[in-house]
Amino acid sequence: RAGAVSMQRERLLKVLVIGDLGVGKTSIIKRYVHQVYSQHYRATIGVDFALKVLNWDHKTVVRLQLWDIAGQERYGNMTRVYYREAVGALVVFDMTRLSTFQAILKWKGDLDSKVALSNGRSVPAVLLANKCDQWQLGLCPKLPKLESFSREYGFVGWYETSAKDNTNIDAAITCLVKSIMSVE
Ligand code: GTP
Ligand code: MG
């Protein structure tokens, strides 16, 4: 009904997905947006985009624009351009590779140095410990407690995720959107 439709407001949210090469950023987005998963690895070049429309509440439609930043961009200097006007981020590492966890603070630092909310605060970021399905093969023994780590470094939440098994992908992204929507 036209009357009901016109009552709805629409929010466009630009969200970044960042983290080192091969941690699963593209897989997380494909799982979330298209409900598919592939074992085949093809590195993202530059940046890719995906859109998911959410009926957030009875009066709000959220158009979630996911920016899938190539892991190799950490060594480039395009991130300032890609990060512009972002309102949130998923920061991803691979639970089987300690080096990707160590890179988390580099990504978070890069993010906070290049983009901020209009009120000057850092954009909400959720930490994703991906590939949690790999526990039988041995996850990194040296990972710290993520609860205190994520609080200490200013993440609004953290999740162990698996794009492969579809574990906590929705929960992590919903947590981020909730945090973004509560900012204004
Ligand atoms: P770049 O584009 O190079 O930055 O990598 P990416 O972060 O986009 O990684 P991508 O999603 O391409 O995944 C890399 C590899 O990890 C692929 O072979 C995926 O199938 C695999 N992978 C991704 N997520 C998971 C997961 O949750 N569990 C397991 N076991 N493998 C995963
Ligand atoms: Mg990718």
Side-chain angles (χ1 to χ4, degrees), residues 13-52 64-84 86 88-115 123-144 146-147 149-150 153 155-177:
L13 305 182
K14 172 175 173 178
V15 164
L16 307 168
V17 186
I18 54 180
D20 265 4
L21 277 163
V23 296
K25 300 176 296 295
T26 300
S27 303
I28 287 166
I29 293 169
K30 290 236 157 84
R31 168 62 80 187
Y32 181 65
V33 175
H34 305 293
Q35 291 85 43
V36 296
Y37 174 77
S38 161
Q39 293 191 24
H40 181 70
Y41 174 37
R42 205 165 117 248
T44 304
I45 308 295
V47 62
D48 247 322
F49 306 94
L51 181 76
K52 177 131 167 161
L64 192 62
Q65 195 180 74
L66 296 159
W67 287 53
D68 179 4
I69 313 285
Q72 60 195 21
E73 288 297 323
R74 184 154 73 82
Y75 310 101
N77 43 25
M78 283 299 285
T79 56
R80 185 179 300 280
V81 176
Y82 297 147
Y83 292 177
R84 200 187 260 149
L90 302 170
V91 189
V92 187
F93 73 96
D94 173 347
M95 293 192 84
T96 70
R97 284 186 294 143
L98 188 64
S99 65
T100 68
F101 173 75
Q102 290 161 339
I104 283 293
L105 292 182
K106 296 181 183 141
W107 282 103
K108 181 78 162 67
D110 191 49
L111 178 73
D112 290 341
S113 70
K114 291 174 179 167
V115 68
V123 301
V126 172
L127 178 65
L128 272 66
N130 193 43
K131 309 196 187 182
C132 70
D133 57 274
Q134 295 292 80
W135 57 272
Q136 349 61 323
L137 302 177
L139 299 174
C140 267
K142 291 206 180 99
L143 288 178
L146 293 179
E147 176 64 37
F149 174 88
S150 68
Y153 291 101
F155 291 94
V156 298
W158 67 277
Y159 291 84
E160 289 185 358
T161 60
S162 168
K164 184 173 182 230
D165 293 351
N166 195 18
T167 305
N168 279 340
I169 304 291
D170 265 56
I173 298 176
T174 301
C175 166
L176 180 64
V177 175

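Whatever order the structure lists ligands and atoms in, that order sets their numbers, starting from 1.
- If you number the atoms of ligand 1 from 1 as listed, the ones under 4.0 Å from a heavy atom of S38 come out as 19 (C), 20 (O).
- Applying the 4.0 Å criterion to heavy atoms of Q134 picks out, from ligand 1, the atoms 30 (N).
- Heavy-atom contacts of S162 reach the following atoms of ligand 1: 27 (O) (cutoff under 4.0 Å).
- Considering every non-hydrogen atom in both E147 and S150, the closest pair reads O-OG, 3.1 Å.
- In terms of N/O distances under 3.5 Å, ligand 1 is approached by G24.
- Contact annotation for C132 and ligand 1: no heavy atom of the residue comes within less than 4.0 Å of the ligand.
- With a 4.5 Å cut-off on side-chain heavy atoms, Y41 and T26 do not count as touching.
- Put simply, the side chain of I18 reaches to within 4.5 Å of the side chain of Y83, judged on heavy atoms.
- Residue K108 comes nearest to A125 through the heavy atom pair CE-CB, 4.1 Å, listed as atom of the first residue, atom of the second, then distance.
- For ligand 1, the polar-atom distance check finds an N/O of G22 within less than 3.5 Å of one of the ligand's N/O atoms.
- Checked for salt-bridge contact, R74 and D110 miss the test: no charged N lies under 4.0 Å from a carboxylate O.
- Considering backbone and side-chain atoms together, T26 places an N or O closer than 3.5 Å to an N or O of ligand 1.
- The shortest N/O to N/O separation between A163 and ligand 1 falls below 3.5 Å.
- Counting only N and O atoms by type, the side chains of K114 and T79 include a donor and acceptor under 3.5 Å apart.
- At a heavy-atom cutoff of 4.0 Å, ligand 1 is contacted by the backbone of A70 but not by its side chain.
- Ranking the protein heavy atoms by distance from atom 30 (N) of ligand 1 puts D133 OD2, 2.9 Å first.
- Neither the backbone nor the side chain of D94 has any atom closer than 4.0 Å to an atom of ligand 1 (non-hydrogen atoms only).
- When each of I169, T161, I29, V17 is checked for a side-chain contact (heavy atoms from CB on, under 4.5 Å) with L90, only V17 meets the rule.
- Across every non-hydrogen atom of Y159 and C175, the tightest pair is OH-CB, 3.4 Å.
- Checking T44 against the Mg ion (ligand 2), an N/O/S atom falls under the 2.8 Å cut-off.
- Of all atoms in ligand 1, numbered sequentially from 1 with element shown, those under 4.0 Å from a heavy atom of A43 are 2 (O), 3 (O).
- In this structure, F101 and F149 have tilted ring planes: the angle between them lies in the 30° to 60° band.
- Taking atom 11 (O) of ligand 1 as the reference point, the nearest protein heavy-atom neighbour is S27 OG, 2.6 Å.
- Remark: K30 NZ is loosely packed, at most 12 non-hydrogen atoms of other residues, nucleotides or ligands lying under 6.0 Å away.
- Regarding atom 18 (O) of ligand 1, its nearest protein heavy-atom neighbour is Q39 O, 2.8 Å.
- Of all protein heavy atoms, the one lying nearest to atom 24 (N) of ligand 1 is N130 ND2, 3.2 Å.
- In this structure, V23 and N130 have side chains that are not in contact, with every pair of non-hydrogen atoms separated by 4.5 Å or more.
- In plain terms, the two heavy atoms of V126 and F155 that are nearest each other are C-CD2, 3.9 Å.
- One option in Y37, Y41, F93 has a heavy atom closer to atom 21 (C) of ligand 1 than any other, and that option is Y37.
- For atom 16 (O) of ligand 1, the nearest non-hydrogen atom of the protein is K131 NZ, 3.0 Å.
- On a distance-only criterion, G71 and ligand 1 share at least one N/O pair closer than 3.5 Å.
- Every atom of ligand 1 is numbered from 1 in the order shown, and the set under 4.0 Å from a heavy atom of T44 is 1 (P), 2 (O), 3 (O).
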